[in-house]
Participant: 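The structure's right below; bear with me while I get my questions together.
We count ligands from 1, going down the list as the structure has it; atoms in each ligand are counted the same way. Values in this document were obtained by computation on a predicted structure and should not be read as measured data.
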Amino acid sequence: MKGMDGDIHIHPELEEVYRDSAERIALLATRSIAEHGSFHFALAGGATPAGTYKVLGTPPLRDEVDWSRVHVYFGDERCVPPDHRDSNFRMAQKTLLSRVPLPESQQHRIRGELEPEAAVRHYTETLRRELPLEGTIPVFDLVMLGTGPDGHIASLFPGTDILKRRKPVAAVYVPKLGAWRISLTFPVLNAARHVIVLVTGPKKADVIRHVVKHHDSNPLPLELLRPRGQLEWFLDRAAARYIIPI
Ligand SMILES: O=C(O)[C@H](O)[C@@H](O)[C@H](O)[C@H](O)COP(=O)(O)O
């Protein structure tokens, strides 16, 4: 579909989106572990992926993954402690990490409780220690992303300077949120071997329409995503309502 590279999976119901995307993640994990003995997976934050994480953390899928070979990271994090209601780590812990036999030493959260620049340093050191590098850029097996109604991905918000940052991790103050975030940057997202974008609900339909129409002028952050690896979209009909034939 013009402007929307990669494979697009659209389902009428949310539960089907969650099941299909969770099955894909389990398959990618199995393939990565078979290919190189590990699966390095950056989770998306926000509310949307919780449904996928719950399916992934429940039998049968939970028992199809060799969690001893999995390392989990985060695409971004709010600058809050890990037990804060806004923490992406807390959301992932409740929906996935507490339900699978994944060693804590292989759960690499972004230290949102630190000063932003200290959190950036710590996470950058973690990525460079744990992941293969392309030059100075860590390469994930899978990065999972959602998007906001403004087309942001991770914490790469429209109009913020983080969109141009070249180092793998950066801190960004988001004026409309009145808050700091820590996020992977485009060089890391675009170096990933596989990227999954999970978008559901009618509030995201305009963003998907914008991506498909692909305005070269003033592109949304979601439109700047150009992974060299495989890109897959998982949408429900509500988010895809402007791009599917009636
Ligand atoms: O920290 C975050 O909030 C996420 O990483 C962010 O990029 C999220 O994917 C979008 O904001 C969509 O959030 P919802 O899934 O809650 O709509």
Side-chain angles (χ1 to χ4, degrees), residues 11 14-15 17-18 21-22 25 41-56 72-97 108-113 116 119-120 123 127 140 142-160 162-163 165 168-186 188-190 192 195-208 210-211 220-225 227 231-236 238-241:
H11 295 285
L14 263 183
E15 289 316 311
V17 178
Y18 296 148
S21 53
I25 294 167
F41 171 23
L43 298 178
T48 303
T52 296
Y53 299 158
K54 285 176 185 169
V55 174
L56 187 59
V72 158
Y73 308 76
F74 289 81
D76 69 330
E77 186 57 278
R78 293 81 182 276
C79 288
V80 295
D83 58 354
H84 190 282
R85 70 176 183 283
D86 290 346
S87 165
N88 286 333
F89 172 77
R90 180 174 179 267
M91 178 274 290
Q93 195 175 42
K94 287 173 68 175
T95 57
L96 177 62
L97 304 181
H108 308 288
R109 67 179 183 86
I110 299 172
R111 302 289 172 92
E113 69 275 23
V120 168
Y123 197 48
L127 300 185
F140 284 95
L142 171 63
V143 172
M144 190 170 173
L145 296 169
T147 187
D150 60 358
H152 77 263
I153 48 178
S155 288
L156 306 176
F157 283 83
T160 59
I162 195 173
L163 297 177
R165 301 295 296 273
V169 184
V172 57
Y173 180 75
V174 185
K176 71 175 178 181
L177 300 177
W180 282 89
R181 296 276 189 97
I182 311 296
S183 182
L184 296 179
T185 58
F186 274 116
V188 178
L189 303 187
N190 290 335
V195 175
I196 282 178
V197 184
L198 181 68
V199 188
T200 63
K203 290 179 185 169
K204 312 288 177 75
D206 281 331
V207 174
I208 296 300
H210 198 284
V211 171
L220 300 173
L222 178 55
E223 294 178 90
L224 298 174
L225 182 65
L231 173 59
E232 287 192 88
W233 302 77
F234 291 85
L235 311 174
D236 69 350
R241 65 179 174 193

Participant: Looking only at protein heavy atoms, which one is nearest to atom 5 (O) of ligand 1, and what is the separation?
Facilitator: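 That would be Asp76 OD1, 2.6 Å.
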
Participant: Under 4.0 Å, heavy-atom basis, I'd like to know which part of Thr48 is in contact with ligand 1: side chain, backbone, both or neither.
Facilitator: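 Within the 4.0 Å criterion, Thr48 contacts ligand 1 through backbone and side-chain atoms alike.
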
Participant: Classify the contact between Asn88 and ligand 1 as side chain, backbone, both or neither, using a heavy-atom distance cut-off of under 4.0 Å.
Facilitator: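 It is the side chain that touches ligand 1; the backbone stays farther off.
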
Participant: Are Leu156 and Leu224 close enough, and set up right, to give a side-chain contact (heavy atoms from CB on, under 4.5 Å), and what steps lead you there?
Facilitator: CA-CA 10 Å; Leu156 306 176; Leu224 298 174; over 6 Å; no

Participant: Taking the non-hydrogen atoms of Arg181, is any one of them nearer than 4.0 angstrom to ligand 1?
Facilitator: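 Contact present.
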
Participant: For atom 16 (O) of ligand 1, which protein heavy atom lies nearest, and how many Å away is it?
Facilitator: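 For atom 16 (O) of ligand 1, the nearest protein heavy atom is Ala47 N, 2.8 Å.
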
Participant: For atom 13 (O) of ligand 1, what is the closest protein heavy atom, and at what distance to 0.1 Å?
Facilitator: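 Protein heavy atom with the smallest distance to atom 13 (O) of ligand 1: Gly46 CA, 3.9 Å.
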
Participant: Can you name the nearest heavy-atom pair linking Pro158 to His152, along with the distance?
Facilitator: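 Closest approach of Pro158 to His152: CD-CB, 3.9 Å.
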
Participant: From the options Phe89, Phe140, Phe41, select the one residue that forms a ring pair (Phe, Tyr, Trp, His ring centres under 6.0 Å) with Tyr73.
Facilitator: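 Passing option: Phe140.
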
Participant: Does ligand 1 have any atom sitting under 4.0 Å from a heavy atom of Lys203?
Facilitator: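 Under 4.0 Å: no for Lys203.
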
Participant: Quick one: which ligand 1 atoms are inside 4.0 Å of a heavy atom on Thr147?
Facilitator: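 Result: 9 (O), 10 (C), 12 (C).
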
Participant: For ligand 1, indicate whether the residue Ser155 contacts it via side chain, backbone, both or neither (heavy-atom separation under 4.0 Å).
Facilitator: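 It is neither part, as no heavy atom is under 4.0 Å.
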
Participant: Tell me: protein heavy atom nearest atom 17 (O) of ligand 1, and distance?
Facilitator: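 Looking at atom 17 (O) of ligand 1, the protein heavy atom closest to it is Lys204 NZ, 2.8 Å.
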
Participant: Are Arg90 and Arg85 close enough that some pair of their side-chain heavy atoms sits under 4.5 Å apart?
Facilitator: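 Yes, their side chains come closer than 4.5 Å.
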
Participant: Can you name the residues that form a salt bridge (charged side-chain N to carboxylate O under 4.0 Å, His left out) with Asp236, not counting sequence neighbours?
Facilitator: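 Result, salt bridge (charged side-chain N to carboxylate O under 4.0 Å, His left out) vs Asp236: none returned.
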
Participant: Sequence neighbours left out, what passes salt bridge (charged side-chain N to carboxylate O under 4.0 Å, His left out) with Asp86? Give chain and number order.
Facilitator: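 Checked Asp86 against salt bridge (charged side-chain N to carboxylate O under 4.0 Å, His left out); zero matches.
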
Participant: Among all protein heavy atoms, pick the one closest to atom 3 (O) of ligand 1 and tell me residue, atom and distance.
Facilitator: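 Minimum-distance protein heavy atom for atom 3 (O) of ligand 1 reads Arg78 NH2, 2.7 Å.
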
Participant: Which atoms from ligand 1 have a heavy atom of Ala154 less than 4.0 Å away?
Facilitator: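 It comes down to these atoms of ligand 1: 5 (O), 6 (C), 7 (O).
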
Participant: Compute the minimum heavy-atom distance from Gly75 to ligand 1 and say whether it is under 4.0 Å.
Facilitator: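 No; Gly75 lies far enough from ligand 1 that no heavy-atom distance drops under 4.0 Å.
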
Participant: Is a side-chain donor or acceptor of Asn88 paired with a backbone partner of Asp76 at a separation under 3.5 angstrom?
Facilitator: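 Yes: the side chain of Asn88 pairs with the backbone of Asp76.
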
Participant: Between Val195 and Leu142, does the side-chain contact (heavy atoms from CB on, under 4.5 Å) criterion hold? Intermediate values first, please.
Facilitator: CA-CA 6 Å; Val195 175; Leu142 171 63; 5.8 Å; no

Participant: Who's the nearest protein heavy-atom neighbour of atom 11 (O) of ligand 1, and how far?
Facilitator: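 Answer, as residue, atom name and distance: His152 NE2, 2.7 Å.
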
Participant: Less than 4.5 Å apart, any side-chain heavy atom of Arg109 and any of Glu77?
Facilitator: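 A side-chain contact is absent here, since even the closest heavy-atom pair is not under 4.5 Å.
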
